[in-house]
Colleague: 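Got a structure for you, questions after.
Keep in mind it's a predicted model, so treat the numbers as computed, not measured. Lettering follows sequence order; numbering is per chain, from 1.
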Amino acid sequence: MAIPYNYKEIEKRWRKNWEQNPINVDDGKKPKYYCLDMFPYPSGSGLHVGHWRGYVISDAWSRYKILNGYYIIHPMGWDAFGLPAENYAIKMGVHPSVSTAENVANIKEQIKEIAAIYDWDMEVNTTDPDFYKWTQWIFVKMFKAGLAYEKEMPINWCPSCKTGLANEEVVNGSCERCGETVTKKNLKQWMLRITKYADRLLDDLDKLDWPEKVKKMQAEWIGRSYGAEIDFAIKDSDKAIKVYTTRPDTLYGATFMVLAPEHVLAKEITTDEQRNAVEEYINKASTKSTVDRLQDKEKTGVFTGSYAINPLNNELIPIWISDYVLVDYGTGAIMCVPAHDDRDFAFATKFEIPIVQVISKDGKENPELTEAYTEPGIMINSGEWNGMDSEQAKAEVPDMLEKQGIGQKTINYKLRDWVFSRQRYWGEPIPIVHCDHCGPVPVPEEELPLLLPEVEKYQPTGTGESPLADIHDWVNTTCPQCGAPAKRETNTMPQWAGSSWYFLRYVDSKNDKELISKEKAEKYLPVDMYIGGVEHAVLHLLYSRFYTKFLNDIGVVDFDEPFLKLFNQGMIGKDGAKMSKSKGNVVSPDELVRDYGCDALRLYELFVGPPELDSEWDDRGIDGVYRFINRFYNLVMENKDKLTQETAETIKLRNKLVYDITTRLNAFSLNTVVSGFMEYNNKMLDIVKKEGGIDKETLETAIILLSPFAPHIGEELWHVMGNETSVFENTWPTYDEDKMKDDEIEIAIQINGKTKGTIMISAESSKEEAISLAKEAMADKLTGNIIKEIYVPRKIVNVVMK
RNA sequence: GCGGAUAUGGCGGAACUGGCAGACGCGCUAGACUUAGGAUCUAGUGGGAGACCGUGCAGGUUCGAUUCCUGUUAUCCGCACCA
């Protein structure tokens, strides 16, 4: 008769016990392992089973590391500043600090149901003044290092969120948060000079054990390119135009030039005949939204009437204006080689501009060029470069131009400086005072934190001013430097400010003297394993790397990469869609925990599919792991008092079990870890049925192996077996390959590569023995001439007949 | 357009360096125990009556291909006029 597995009572009991007797203790001798979850933004809608999955993966991994003798740093905190929290508060009509606190409390309760080994003493909250004191402190340090600066420029502006956005927050021309089309707005902004770190951010990717996809996305976002800047004189003018090109080898083929509509010389070089057309075009371009500009693949443009002089052959080339050239990349002007660039080809074809081929596959001109030739080849029509290999020319030309004084080698990046100001209330105040005499002056470090003032109206103003600008007795202050009346900066920081460094603070969260002590930074950091969704591939992960490198530069930490290993778990969807409140397909873990228990849900979260891939949630699937748990529980309960001696068979089974679970776990194949437990449970049941019982060692091994995944059952059954200490005080079991070997093995027999049957042979059988046994077994089918016999040891015999 | 991932029964998914495709689970079918079962247990479950056929599609390499190569299609994700 089955003994009901009372998960409610068992889970409650062990939860309490672990609170009193923690299983993850820093004794100062164990090596550390820092396993970090991406901390959540405390939304009002709570957790769904997709969030759970990431936390279960990291917890199972952490507990596995505990069993391998590590002290685990496994903290949790709250990314509670930012737009979503503020928008939610506005919608609900409560102050963001109130709703945020409520949401944190709710989600914390939900997270506790996972029974993860989070160390709540380390908990941080980005909205806590003791925390954001250091967020502000980092900003002051950056300001002093010249990395934070003010600039008035047209920035991305979300009309719905009523704030400026970083480039990274604009997705396909829309706001990353709300989807509203982003416009441009001219605003004075605080910027962070992340571009100064571009090379290090790019080159150090090689050091990281991260998914290639994420590294590639960051590399492309940084977008380093090597090329040259070349000066073109303008005919009948003392002005010159500098262009940037990655293909200086094609300079002889430049037949026109294009300026961005916003280029400073665009109007200046326009001739009187062309003035009306040019001004009309520039005006039109300025009103075009980013989206339109990106979507219009059809080239438009207007001729300025002026000509530039090709510095190599003194040929005149017309200067055009077109919005396919971006003002903020390179020099905002390009030389165009239609024969060897798709975009230039399209433009030249449309406006009937001559096309000159300078690279050819075979050294001859292509009489019917229908598209740009962008491959390498042999230089033609290029004066002294004729006959050169184009790749060689590409490498050598920049030096030659430099020697001739008409250009210089240049490196360009797509990465832009980080727009850091937000015109919203719910964020860290930027700790700067604007003084008429001294300019921007940082708030003295000893006066931090600069508290976010209470305010009646925290709705965004939409004017480009933060709601803080209305609080006059806060805004009006004195200059920390000269004492004269001065005004505070009223913009706040973006949500990314706190999340860029929070992982440092966990291990020293109560330190009021330093961001983190040197000793603790050295002892507990960096993060060994970082687990979370792929949606932060460029945003949070790039910013965190930048912050870490800066903090390394100023001596706060002794490492320059925060996250050594990164794992992106797949998303969980339902009904073919991403889980979201608006789609109404959210599955809450709460009911599942109630109806099946924490361990069952933990196992099912892992079993649902490969952790790195997206998975479809099926509520019925959890029944399978629930049945497994009950069967395993009963296996132990029914056999604990009639344990048998181990046999050759159980020794083999046990070693194979350890081998399979360990290798699958190390490969992060967590779904097959769970299926492995089910498989071996069935095998153990078979042994019990056959032998009338099973040995202690095998049962206990299975219990230890299972405990990282289903900790309550692991702990319960470990004690049921008569043990007094925690199951997590064990060492992860090892296996002996010699003991996994079978004496008799089953091999397949193929005829002409097609499987016809199987036979059992001794594992020691020679090739000749195996083949002759196989032929004997297949005698009736071996009617033709045997031309080849293949034996793959322990696997297969293949007889090839004609 | 460029780059990446994925494609296997009714469903989720297994298959280590090429070697018995479909482990494990869901669902389904039949049976047992039951007043009852949406509980539990037992057996079965890719297709086909069969020889055989089957891993998106078309080729190739090989004694042998889900696995390697070439081409192609679909879905998802990222980037997208960066010169």
Colleague: If every non-hydrogen atom of A:Ile321 is compared with every non-hydrogen atom of A:Val258, which pair is closest and at what distance?
Modeller: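 The pair with the smallest heavy-atom distance is C-CG1, 4.2 Å.
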Colleague: Please give the distance between the P atoms of B:rC20 and B:rU67 as a whole number of Å.
Modeller: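 Their P atoms lie roughly 14 Å apart.
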Colleague: Anything under 30° is parallel, anything over 60° is perpendicular, the rest tilted; go ahead and classify A:Phe351 against A:Trp320.
Modeller: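 Ring orientation of A:Phe351 relative to A:Trp320: tilted.
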Colleague: Reading nucleotides 18-28 of chain B from the 5' end, what letters show protein touch, with B for base, S for backbone sugar-phosphate only, - for no heavy atom under 4.0 Å?
Modeller: -BBS-BBSSS-
Colleague: Find the distance A:Asp619:CG to B:rG12:P and express it as a whole number of Å.
Modeller: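 Answer to the nearest Å: 16 Å.
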Colleague: Using the test side-chain hydrogen bond (donor to acceptor under 3.5 Å, both in side chains), find all partners of A:Lys683 that sit at least two apart in sequence or belong to another chain.
Modeller: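 Once residues adjacent in sequence are excluded, A:Lys683 has no partner under the side-chain hydrogen bond (donor to acceptor under 3.5 Å, both in side chains) criterion.
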Colleague: B:rA83, OP1 or OP2 - any side-chain N/O from A:Tyr324 closer than 4.0 Å?
Modeller: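 No, A:Tyr324 has no side-chain N/O under 4.0 Å of OP1/OP2 on B:rA83.
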Colleague: Measure from CD1 on A:Ile771 to P on B:rC63 and round the result to the nearest Å.
Modeller: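 Answer to the nearest Å: 16 Å.
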Colleague: Residues in side-chain hydrogen bond (donor to acceptor under 3.5 Å, both in side chains) with A:Tyr633, at least two apart?
Modeller: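 For A:Tyr633, no residue satisfies side-chain hydrogen bond (donor to acceptor under 3.5 Å, both in side chains) once neighbours in sequence are set aside.
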Colleague: Scan for salt bridge (Lys or Arg N to Asp or Glu O under 4.0 Å) pairs involving residues 766-777 of chain A, sequence neighbours excluded, and state none if there are none.
Modeller: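 Sorted result for residues 766-777 of chain A: A:Lys775-A:Glu789.
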Colleague: Please list, pair by pair, any protein nitrogen or oxygen found under 3.5 Å from a nitrogen or oxygen in nucleotides 46-56 of chain B.
Modeller:
{"from": "B:rC52", "atom 1": "OP1", "to": "A:Lys756", "atom 2": "NZ", "distance (Å)": "3.4"}

Colleague: What is the separation between atom CD on A:Glu616 and atom C1' on B:rC76, rounded to the nearest whole Å?
Modeller: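 Spelled out: CD on A:Glu616 to C1' on B:rC76 is 13 Å.
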Colleague: What heavy-atom pair brings A:Met684 and A:Ala702 nearest, and what distance separates the two atoms?
Modeller: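 In this case the closest contact between A:Met684 and A:Ala702 is CE-CB, 4.0 Å.
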Colleague: Identify, with sequence neighbours excluded, every residue that meets side-chain hydrogen bond (donor to acceptor under 3.5 Å, both in side chains) alongside A:Arg247.
Modeller: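 So A:Arg247 forms a side-chain hydrogen bond (donor to acceptor under 3.5 Å, both in side chains) with A:Asp249.
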Colleague: How are the rings of A:Phe668 and A:Phe567 set to each other: parallel, tilted or perpendicular (split at 30° and 60°)?
Modeller: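 Geometry flag for A:Phe567 against A:Phe668: tilted rings.
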Colleague: Work out how far the P atom of B:rC53 is from that of B:rA5, and round it to whole angstrom.
Modeller: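 Here B:rC53 and B:rA5 have their P atoms 33 Å from each other.
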Colleague: With distance as the sole criterion, is a donor-acceptor pair present between the side chains of A:Asp199 and A:Tyr413 under 3.5 Å?
Modeller: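 Yes.
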Colleague: Would you measure the distance from the C1' atom in B:rC11 across to the matching atom in B:rU17 and give it in whole Å?
Modeller: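 One C1' to the other, the span is 32 Å.
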Colleague: Give every residue pair that meets the side chain to side chain donor-acceptor pair (under 3.5 Å) criterion with at least one member in residues 209-219 of chain A, sequence neighbours excluded.
Modeller: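 Those involving residues 209-219 of chain A are A:Asp209-A:Lys565, A:Gln218-A:Arg545.
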Colleague: Side chains of A:Tyr735 and A:Thr663: any donor to acceptor distance under 3.5 Å?
Modeller: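 Not at all, the side chains of A:Thr663 and A:Tyr735 share no donor-acceptor pair under 3.5 Å.
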Colleague: Measure up the A:Trp418 and A:Tyr543 rings against each other and bin them: parallel (under 30°), tilted (30 to 60°), perpendicular (over 60°).
Modeller: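 A:Trp418 and A:Tyr543: parallel rings.
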Colleague: What pattern of brackets, bars and dots sums up RNA chain B from 5' to 3', given Watson-Crick or G-U wobble pairs under 3.5 Å, [ ] for crossing pairs and | for another strand?
Modeller: (((((((..(((......[....)))((((((.......))))))((....))..(((((..]....))))))))))))....
Colleague: Suppose you measure atom C1' in B:rA43 against the same atom in B:rG60; what distance do you get, rounded to whole Å?
Modeller: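 To the nearest whole Å, 45 Å.
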Colleague: Just to verify, which of A:Asp231, A:Leu265, A:Ile230 counts as forming a side-chain contact (heavy atoms from CB on, under 4.5 Å) with A:Ile241?
Modeller: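 Option passing the side-chain contact (heavy atoms from CB on, under 4.5 Å) with A:Ile241: A:Leu265.
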Colleague: Write down the distance separating the P atoms in B:rU42 and B:rC26, rounded off to the nearest Å.
Modeller: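 Straight-line distance between the two P atoms is 12 Å.
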Colleague: B:rC2 and B:rG71: how far apart are their P atoms, nearest whole angstrom?
Modeller: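 Between the two P atoms, the distance is 13 Å.
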Colleague: If you assign A:Asp614 and A:Lys788 each to the RNA chain B nucleotide with the nearest heavy atom, which residue ends up on the more 5' nucleotide?
Modeller: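 Upstream on the strand: A:Asp614.
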Colleague: Could you check how far CG of A:Leu685 sits from P of B:rU40, rounded to whole Å?
Modeller: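 Rounded to whole Å, this separation is 15 Å.
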Colleague: A:Arg794 has an atom CZ; how far is it from atom P of B:rU17, in whole Å?
Modeller: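 Going from A:Arg794 (CZ) to B:rU17 (P), I get 18 Å.
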Colleague: Provide, to the nearest angstrom, the distance between the CG atom belonging to A:Leu606 and the C1' atom belonging to B:rG12.
Modeller: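 Checked: the CG to C1' distance equals 15 Å.
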Colleague: Could you state the atom-to-atom distance from CG of A:Asn666 to P of B:rC16 in whole Å?
Modeller: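 Going from CG in A:Asn666 over to P in B:rC16 covers 17 Å.
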Colleague: Taking atom NZ of A:Lys578 as the centre, does the number of heavy atoms from other residues, nucleotides or ligands within less than 6.0 Å exceed 12?
Modeller: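 Atom NZ in A:Lys578 is not packed in, count stays at 12 or less.
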Colleague: When the C1' atoms of B:rU72 and B:rG25 are considered, how many whole Å apart are they?
Modeller: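 Here B:rU72 and B:rG25 have their C1' atoms 34 Å from each other.
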Colleague: Could you tell me how far B:rC68 sits from B:rC16 if I compare only their P atoms? Round to whole Å.
Modeller: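 Straight-line distance between the two P atoms is 10 Å.
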Colleague: Per the salt bridge (Lys or Arg N to Asp or Glu O under 4.0 Å) rule, what does the pair list look like for residues 616-626 of chain A, sequence neighbours excluded?
Modeller: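 Residue pairs passing salt bridge (Lys or Arg N to Asp or Glu O under 4.0 Å), neighbours aside: A:Asp618-A:Arg620.
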Colleague: Just label B:rG78 as syn or anti from its O4'-C1'-N9-C4 or O4'-C1'-N1-C2 angle, using within 90° of 0 for syn.
Modeller: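 This nucleotide is in anti.
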Colleague: Got a donor-acceptor contact below 3.5 angstrom from the A:Ser765 side chain to the A:Ala770 backbone?
Modeller: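 Such a contact is absent between A:Ser765 side chain and A:Ala770 backbone.
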Colleague: With no hydrogens and no angle check, do the side chains of A:Asp417 and A:Thr195 hold a donor and an acceptor under 3.5 Å apart?
Modeller: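 Yes.
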Colleague: In whole angstroms, how far is the P atom of B:rA83 from the OH atom of A:Tyr413?
Modeller: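 Going from OH in A:Tyr413 over to P in B:rA83 covers 13 Å.
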Colleague: A:Asp660: what forms a side-chain hydrogen bond (donor to acceptor under 3.5 Å, both in side chains) with it, not counting sequence neighbours?
Modeller: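 So A:Asp660 forms a side-chain hydrogen bond (donor to acceptor under 3.5 Å, both in side chains) with A:Tyr680.
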Colleague: Name the nucleic acid region contacted by A:Thr663, choosing base, sugar-phosphate or nothing; use a 4.0 angstrom heavy-atom cut-off, strictly under.
Modeller: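 No contact at all - A:Thr663 keeps every heavy atom at 4.0 Å or more from the nucleic acid.
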Colleague: Within residues 333-340 of chain A, find the residues that approach RNA chain B with a heavy atom at under 4.0 Å, and present them sorted by residue number.
Modeller: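 Within this stretch, A:Ile334 sit under 4.0 Å of the strand.
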Colleague: Taking only N/O atoms, report every protein-nucleotides 77-79 of chain B pair under 3.5 Å with atom names and distance.
Modeller:
{"from": "B:rC77", "atom 1": "O2'", "to": "A:Lys213", "atom 2": "NZ", "distance (Å)": "3.3"}

